[in-house]
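Report on one structure; see the data block that follows.
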Amino acid sequence: MVATRYKTAFQLYPYAKVDAQDAAPVRHPVVIVGGGPVGLALALDLGQKGTPALVLDDHDGAGLGSKAICFAKRTLDIANRLGASQPMVDKGVVWNVGKVFHDDTKLFDFNLQPEAGHRNPAFINLQQPYFEKFLVDAIHAAQASGAPIELRGRNCVTALETHATHSTLTVETPDGPYQLEADYLIACDGARSPLRDMMGLTFDGRVFEDNFLIADVHMKADFPTERWFWFEPPFKGAGQSALLHKQPDDIWRIDFQLGWDIDRQRELDPDRIRARVDAMLASQAGHVPEYELEWTSIYTFQCRRMEKFRHGPVIFAGDSAHQVSPFGARGANSGVQDADNLAWKLDLVLKGIADDSLLDTYATEREHGADENILSSSRATDFMTPKSEVSKTFRNAVLELAGKHAFARPLVNSGRLSVPCNYAGFALFGEDALDGPAATRPGMPCPDAPHADGFVLDHLGGGFTLMALGCDATDVQTDGITATALTLASPSEMLAARYLGTAPAAVYLIRPDQHIVARWPAFDADAVKSALRTAIGKDI
């Protein structure tokens with residue numbers, strides 16, 4: 001990527017020397033390298049469970065630049081469990097509707113959340129620095145309540161030694177280097193991961209031969225808060241595709257597809273960028289409003305991942321483990337799902353409740369998630385950028401059909417937007433004894449629904465939950481872990497539709513990341529105990 005400049009948006013964890021810098025290496029249960037959305041969400045989740053987490057970042061806060069702006073409902077549901085979502089939704093631009101154009105013709109629009117009864121919208125647009133700031137605000141609130149979380153800014157890891165049971169890190173600071181040790185080291189240090197390089201690990205995949213110009217533009221405009229995507233846009237200089245998205249603070253994200261054989265420095269000339277933006281705005285608004293270029297860069301699509309996300313005491317998460325193109329908003333959203341999956345497993349292992357092998361299931365489940373995202377992202381890129389005249393003819397035929405017939409619209413791929421991961425069939429999931437809705441079978445994330453004065457996800461907490469609808473259940477304990485009963489004697493109509501279907505009653509075992517472990521038509525303590533053992537890896 002070529003970018004115009006780097007700025008720090010918020011100084012969230014300014015450097016301060018700690019006593020450990022002048023002492024022998026201190027051993028920490030969990031050290032997280034990288035203070036982005038993934039590292040911060042993981043630290044917050046661990047700290048709220050009482051497991052100490054130390055975050056090291058080579059800067060002292062969130063940086064401005066070409067970063068994530070689209071955060072999906074699943075990410076917001078996770079942030080809500082962590083106590084950080086409301087400021088995100090309040091600040092963000094809420095949207096559910098997208099429109100797809102070919103040349104100057106609108107083909108169709110779509111609604112990503114057509115049904116009511118959810119706390120969070122399908123998506124918000126929110127600049128990543130704000131997302132990080134709100135996570136840090138939640139971390140500070142957790143720290144005030146005693147959560148063992150520590151953030152160290154301007155602490156850059158420069159060397160790494162891995163051992164069978166721990167890792168040793170050398171950390172450079174403004175006051176010189178020091179060393180520390182980690183029982184578990186979590187690499188959340190981005191797509192160019194220095195830790196991955198220090199370990200000599202590969203990052204394999206596909207680099208797409210195309211360049212995209214990204215511009216964040218500050219302006220007042222009357223465009224609706226929707227995702228607009230053009231194939232072969234009508235405005236001059238846009239290339240094969242263009243994208244327009246609104247962000248908070250009157251910032252608009254614009255993408256132009258430039259092709260492969262370009263002079264990157266020339267294309268970043270502000271006058272050339274303004275010519276493209278002017279043409280787009282004149283085409284859509286009938287005039288060119290006043291605006292300022294806040295940020296510009298050029299990037300290529302890359303879909304890559306590590307072969308394995310776990311290497312003994314070192315575990316990779318987020319962009320350091322997997323990378324996808326930005327179309328589809330699958331980068332930061334999938335990374336937060338990584339953190340959501342890993343936190344409760346690390347917590348149980350460090351507390352001695354589960355075996356270390358439970359962490360291997362993080363790798364298998366999230367490698368599956370990465371493969372899903374890479375496949376979706378690759379298909380989107382191939383559809384957006386046909387590699388032959390035959391492919392382009394097929395693509396344009398699909399677009400023409402989609403403008404006339406609903407059956408063709410699912411074939412149009414301008415970026416399949418991020419969806420929650422389904423772990424059905426993996427080792428930690430138990431029996432499905434309920435003839436219930438497909439959306440709540442084992443492996444699926446819990447759908448939200450109204451309950452009492454709020455929503456059902458608010459009642460699941462950060463532990464194992466045994467949710468009973470239309471029947472009674474009691475707490476179940478086995479192998480040092482408790483599934484806390486949540487009895488919903490009179491579920492709302494939407495809640496019943498999403499969890500019961502036509503069944504008169506149901507019992508769901510839900511794990512801490514709110515994925516469904518097993519379900520039954522009635523409460524059976526022995527069946528729940530067996531499923532709990534499965535859920536924490538005792539039967540692997």
Side-chain angles (χ1 to χ4, degrees), residues 29-30 42 44-53 77-78 80-83 142 145-148 339-359 361-362 365 423 426-434 440 442-446 451-452 454-489 491 499 505-540:
V30 179
L42 178 59
L44 179 56
D45 206 348
L46 286 169
Q48 289 180 345
K49 298 177 190 301
T51 292
D77 288 342
I78 294 168
N80 184 63
R81 178 175 62 80
L82 300 176
S145 299
D340 190 44
N341 187 293
L342 179 57
W344 69 271
K345 296 175 180 178
L346 266 175
D347 176 65
L348 293 183
V349 169
L350 285 164
K351 289 176 177 173
I353 296 171
D355 297 332
D356 175 86
S357 60
L358 181 63
L359 299 177
T361 69
Y362 158 77
E365 290 177 1
Y423 302 127
F426 282 84
L428 300 187
F429 298 91
E431 65 179 318
D432 184 5
L434 180 74
T440 53
M444 299 292 287
C446 291
H451 173 64
F455 295 86
V456 70
L457 294 188
D458 298 340
H459 296 269
L460 298 185
F464 280 89
T465 302
L466 192 63
M467 185 170 70
L469 299 93
C471 62
D472 292 326
T474 60
D475 292 357
V476 175
Q477 186 173 24
T478 187
D479 293 270
I481 194 163
T482 300
T484 303
L486 171 63
T487 301
L488 309 178
Y499 284 88
V507 175
Y508 283 82
L509 178 61
I510 302 165
R511 68 187 199 178
D513 61 1
Q514 299 181 352
H515 280 262
I516 295 163
V517 175
R519 61 182 184 174
W520 306 271
F523 175 62
D524 181 331
D526 290 336
V528 175
K529 287 181 180 180
S530 177
L532 266 175
R533 288 180 54 83
T534 297
I536 61 174
K538 293 293 185 180
D539 297 329
I540 294 177

Residue pair L346 / L358, side-chain heavy-atom distance below 4.5 Å: no

Shortest non-hydrogen contact from A531 toward A518: CB-CB, 4.1 Å

Sequence neighbours excluded, every pair satisfying side chain to side chain donor-acceptor pair (under 3.5 Å) that has a member inside residues 476-487: D479-R533

Main-chain N/O of S530 paired to T534 side chain as donor or acceptor, under 3.5 Å: yes

Test item: R519 side-chain N/O and T440 main-chain N/O as donor-acceptor pair under 3.5 Å: yes

Candidate pair F464 and V476, rule side chain to side chain contact (heavy atoms under 4.5 Å, CB included), full reasoning: CA-CA 10 Å; F464 280 89; V476 175; over 6 Å; no

I481 to I353 - nearest heavy-atom pair and separation: CB-CG2, 4.3 Å

Ring geometry between H515 and Y423 (parallel below 30°, tilted from 30 to 60°, perpendicular above 60°): tilted

Spacing of L46 atom CG and D347 atom CG [to the nearest 0.5 Å]: 6.5 Å

Validation row: I516, C446 side chains within 4.5 angstrom (heavy atoms): yes

Reported CG-to-CG distance for the pair D513 and L342, which is rounded to 0.5 angstrom: 10.5 Å

K345 and its side-chain contact (heavy atoms from CB on, under 4.5 Å) partner, picked from D356, I536, L428: L428

Flag side-chain contact, heavy atom, 4.5 Å: N80 against L457: no

Presence of salt bridge, D77 and R81, under 4.0 angstrom: no

Stepwise side chain to side chain contact (heavy atoms under 4.5 Å, CB included) check, L488 with H459: CA-CA 11 Å; L488 309 178; H459 296 269; over 6 Å; no

Nearest-0.5 Å distance, CG of residue D524 to NZ of residue K529: 10.5 Å

L486 vs I510 side-chain heavy atoms within contact, under 4.5 Å: no

K49 side chain vs W344 backbone, donor-acceptor pair below 3.5 Å: no

Polar side-chain atom of Q48 near backbone of A142 as donor-acceptor pair, under 3.5 Å: no

Heavy-atom pair with the smallest gap, counting every atom of T474 and A485: C-CB, 3.6 Å

Which atom of L350 lies closest to which atom of T51, heavy atoms considered: CD1-CG2, 3.7 Å

Exercise: identify the closest heavy-atom pair between V30 and P52: CB-O, 3.7 Å

Inter-residue atom distance L460.CG - T465.OG1, 0.5 Å rounding: 5.0 Å

Closest heavy-atom pair and its distance - L469, P491: CD2-CB, 4.1 Å

Residue among Y508, Y499, W520 satisfying side-chain contact (heavy atoms from CB on, under 4.5 Å) with L434: Y508

